[in-house]
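Single-structure report; data block below.
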Amino acid sequence: MKDSTKRVAIVGSGPAAFYSAMELLRHDDPMVFVDMLERLPTPYGLVRGGVAPDHEKIKSVIKIFERAAGHPRFRFFGNVEFGKDINRLELLQRYHAVIYAFGSRLDRHLNIIGETLQGIHSATEFVGWYNGHPDYRHYQFDLTSKRVAIIGMGNVAIDCARILCQDPQNLAKTDIAEHALEALQQSNIEEVFLIGRRGPVQAAFTPAEVRELLHLPKVDVVMRGSDLELDDHSKEELSKASRNIQLNLQILRKIHDQGDRGNPRKLHLCFLISPTKIEGSDRVESIELVHNEIVKEGGILKAKATDEVMHLNVDMVFRSIGYIGEAILGLPFDDRKGTIPNDHGQLLDGVDGKLLKQEYTAGWIKRGPSGVIGSNKQDAMETINRLKQNWETSNIQEPKLTQEKLIDFLKQKKIQFVSFEDWKKLDKFEIEQGQRNGKSRQKICEVQEMLDLIQSA
Ligand code: NAP
């Protein structure tokens with residue numbers, strides 16, 4: 001290697017972005033300088049905007065990221081939108097490498113009749129709303145509704161169900177957005193139906209998350225005993241399944257045994273059911289559902305519709321069937337997977353295309369929306385290993401605009417970027433406001449308000 005100094009830009013500031021930065025900053029040879037660019041004035045991606053407010057322990061990973069942000073070779077540039085404020089070429093001209101780690105911000109659709117009726121929302125919107133994400137601040141959820149269906153059996157569906165069902169008093173001390181707490185305090189919700197297309201053995205949730213449902217005060221979690229009578233394929237799958245799946249089944253049996261205890265709110269876990277149509281004149285009134293059976297196709301257990309149709313009256317529906325990445329102008333994109341095509345984190349110029357020298361990716365936009373926060377550590381390491389291997393084995397060209405500072409560029413474009421120090425001012429303000437109101441944090445949910453507060457601090 002000729003020059004042991006390298007500059008890397010990371011687009012995004014969630015776990016994959018921070019783990020990538022930490023891996024780059026771990027050693028002094030090469031001496032890597034990291035600039036992290038984030039669309040919002042606030043860092044941490046889904047740790048701030050996705051993790052449920054009653055899961056504060058999960059958010060403690062922020063302490064590790066904060067330490068990384070204090071590294072002398074690290075800079076944070078919040079309120080800088082990739083693709084709008086700065087484009088791909090402008091980054092490639094300034095850095096030896098660019099890492100795209102901006103996650104998957106869109107949600108998948110059911111593609112069934114009635115999906116555009118009023119009262120149908122994505123879990124992404126609801127999660128963003130209760131977490132005070134500026135993009136979702138002004139969404140309206142009619143919590144005067146009594147019966148709500150959530151389509152999907154993953155951890156996001158469980159998060160949404162827990163937030164909807166539990167006593168808002170339990171959330172009052174958390175960092176839940178104030179507007180969401182107020183709305184939940186007025187909520188009339190009596191019944192929530194979690195609807196999974198396959199059986200309990202195939203559920204996407206994890207034991208820690210489903211176990212919490214057993215302990216929700218004033219909520220009965222109920223399920224049909226017949227859903228626990230497994231078909232032969234599922235029995236076989238369970239016999240070889242991971243410990244997590246075995247635990248899921250044990251917890252579901254406990255849930256079933258606990259049953260209806262006469263509590264005011266009911267959370268129904270419904271397996272082997274798919275929505276086929278959403279009905280209503282302008283608002284959702286009911287869902288047409290079909291009962292499924294499990295079939296084995298190409299070694300995979302799939303849901304196959306039977307001719308048993310049923311209707312469920314509901315006032316609101318959330319689809320929680322997974323996130324999907326967003327194509328950003330100028331970047332290669334795999335439409336089918338919703339990811340950036342890559343080989344071990346190094347970008348390809350298209351699906352099955354050629355390797356690109358300077359560009360890398362990490363996190364959900366690299367591998368798809370799966371895994372917990374910690375999964376991004378391994379994922380980021382794979383990307384950084386590939387990047388370092390390339391630096392060691394090939395001739396890396398010096399960026400054309402070595403002298404041109406990113407700060408000058410952003411100032412010229414009149415972009416009010418937010419440094420990590422600026423963010424810490426906002427962080428302090430939010431924590432202090434929270435303490436005054438008996439909460440762990442009172443989030444600011446509007447970008448302009450954040451910027452004004454930073455300026456006046
Ligand atoms: P997910 O885990 O992929 O679950 C998606 C669910 O939607 C699955 O039950 C899936 O069923 C179902 N689904 C997909 N397409 C469907 C369709 N057309 N009709 C009906 N159902 C459909 O996604 P997620 O819940 O959004 O979570 C994303 C990732 O974040 C996961 O890795 C999750 O563990 C993680 N996360 C973790 C936590 C935590 O650790 N506390 C919290 C939230 C999220 P099939 O299995 O049949 O496809």
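Taking the six-membered ring for Trp and the full ring otherwise, Phe193 and Phe318 have centroids separated by 6.0 Å or more. Taking the six-membered ring wherever Trp is involved, the centroid distance between the rings of Phe65 and Tyr19 falls below 6.0 Å. Checked against the 6.0 Å centroid criterion, the rings of His121 and Tyr139 do not qualify as a close aromatic pair. Outside the 6.0 Å centre-distance limit, the rings of Tyr100 and Tyr360 are not counted as a close aromatic pair. Aromatic pair Trp423/Phe76: ring centres not closer than 6.0 Å.
Arg39 places none of its side-chain heavy atoms less than 4.5 Å from the side chain of Val80. Residues Leu216 and Glu212 form no side-chain contact, since every pair of their non-hydrogen atoms from C-beta on lies 4.5 Å or further apart. Using a 4.5 Å heavy-atom cutoff, the side chains of Gln246 and Leu238 are in contact. The shortest side-chain heavy-atom distance between Ile189 and Val192 falls under the 4.5 Å cut-off. The side-chain heavy atoms of Phe205 and Val156, taken from C-beta on, include no pair separated by under 4.5 Å. Contact annotation: the side chain of Gln258 never approaches that of Val221 to less than 4.5 Å [non-hydrogen atoms, C-beta and beyond]. Between Leu91 and Val11 the shortest side-chain heavy-atom distance falls below 4.5 Å. For the pair Cys445 and Pro134, the minimum side-chain heavy-atom distance is 4.5 Å or more.
Between the side chain of Arg48 and the main chain of His133, no donor-acceptor pair closer than 3.5 Å is present. Distance alone, capped at 3.5 Å, places no donor-acceptor pair between the Asp452 side chain and the Glu449 backbone. Using modelled atom types, one side-chain atom of Lys413 and one backbone atom of Asp85 make a donor-acceptor pair closer than 3.5 Å. Remark: the backbone N or O of Val351 is not paired with any side-chain donor or acceptor of Asp334 at under 3.5 angstrom. Side-chain atoms of Gln346 do not come within 3.5 Å of backbone N or O of Asp343 as any donor-acceptor pair. In this structure, Gln378 contributes its side chain and Ser375 its backbone to no donor-acceptor pair below 3.5 Å. Side-chain atoms of Ser145 never come within 3.5 Å of backbone atoms of Arg147 as a donor-acceptor pair (strictly under, hydrogens ignored). Although no hydrogens or angles enter the test, the distance criterion places no donor-acceptor pair under 3.5 Å between the side chain of Ser234 and the main chain of Leu230. Asp220 places a side-chain N or O within donor-acceptor distance of the main-chain N or O of Asn263, the cut-off being under 3.5 Å. Asp379 contributes a side-chain N or O that, together with a main-chain N or O of Gly363, makes up a donor-acceptor pair within less than 3.5 Å.
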Step-by-step side chain to side chain donor-acceptor pair (under 3.5 Å) determination, Glu237 to Gln202: CA-CA 9 Å; Glu237 189 171 76; Gln202 295 84 33; 3.1 Å; yes
Stepwise side-chain contact (heavy atoms from CB on, under 4.5 Å) check, Lys439 with Lys173: CA-CA 4 Å; Lys439 301 181 67 174; Lys173 289 186 176 156; 5.8 Å; no
Working for side chain to side chain donor-acceptor pair (under 3.5 Å), residues Glu288 and Thr276: CA-CA 6 Å; Glu288 183 190 85; Thr276 43; 2.7 Å; yes
Intermediate values then yes/no, side chain to side chain donor-acceptor pair (under 3.5 Å), Arg367 and Asn376: CA-CA 10 Å; Arg367 68 174 194 275; Asn376 294 296; 2.9 Å; yes
Worked check of salt bridge (charged side-chain N to carboxylate O under 4.0 Å, His left out) between Glu382 and Arg386: CA-CA 6 Å; Glu382 181 191 58; Arg386 170 59 75 92; over 6 Å; no
Worked check of side chain to side chain donor-acceptor pair (under 3.5 Å) between Asp282 and Gln118: CA-CA 6 Å; Asp282 59 343; Gln118 272 185 46; 4.6 Å; no
From CA spacing to verdict: side-chain contact (heavy atoms from CB on, under 4.5 Å), Arg198, Ile294: CA-CA 7 Å; Arg198 297 193 288 162; Ile294 294 290; 3.9 Å; yes
His179/Trp129 under ring-ring contact (aromatic ring centres under 6.0 Å, His included): CA gap, chis, key distance, verdict: CA-CA 8 Å; His179 56 258; Trp129 175 77; 5.7 Å; yes
Verdict with reasoning, Ile86 to Leu37, per side-chain contact (heavy atoms from CB on, under 4.5 Å): CA-CA 10 Å; Ile86 190 157; Leu37 279 62; 3.6 Å; yes
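Contact record, His291 with Ile273: CD2-CG1, 4.4 Å, taken as the closest heavy-atom pair. Cys160 and Ala123 get closest at one heavy-atom pair: SG-CB, 3.9 Å. Minimum interatomic distance between Ala21 and Val34 (heavy atoms only, all atoms of both residues): CB-CG1, 4.1 Å. For the residue pair Ser104 and Gly325, the shortest heavy atom distance occurs at CB-N, 3.5 Å. Taking every heavy atom of both residues into account, Ala52 and Arg162 meet most closely at CB-NH2, 3.2 Å. Of all the heavy atoms in Lys57 and Ser60, the pair that sits closest is O-OG, 2.5 Å.
Of the N and O atoms on the side chains of His55 and Glu209, not one donor lies less than 3.5 Å from an acceptor on the other residue. When only modelled atom types and interatomic distance are considered, Asn292 and Ser274 share a side-chain donor-acceptor pair under 3.5 Å. Judged by distance alone, the side chains of Asn437 and Glu178 never bring a donor and an acceptor atom under 3.5 Å apart. Checked by atom type, the side-chain pair Asn244/Ser242 shows no donor-acceptor distance below 3.5 Å.
Once rounded to the nearest 0.5 Å, the distance linking CD of Gln448 with CG of Leu451 reads 5.0 Å.
For CZ of Arg243, the number of neighbouring non-hydrogen atoms (other residues, nucleotides, ligands) closer than 6.0 Å is 12 at most.
Ring-plane geometry between Tyr44 and Phe18 is classed as tilted, the angle between the planes lying from 30 to 60 degrees on a 0 to 90 degree scale.
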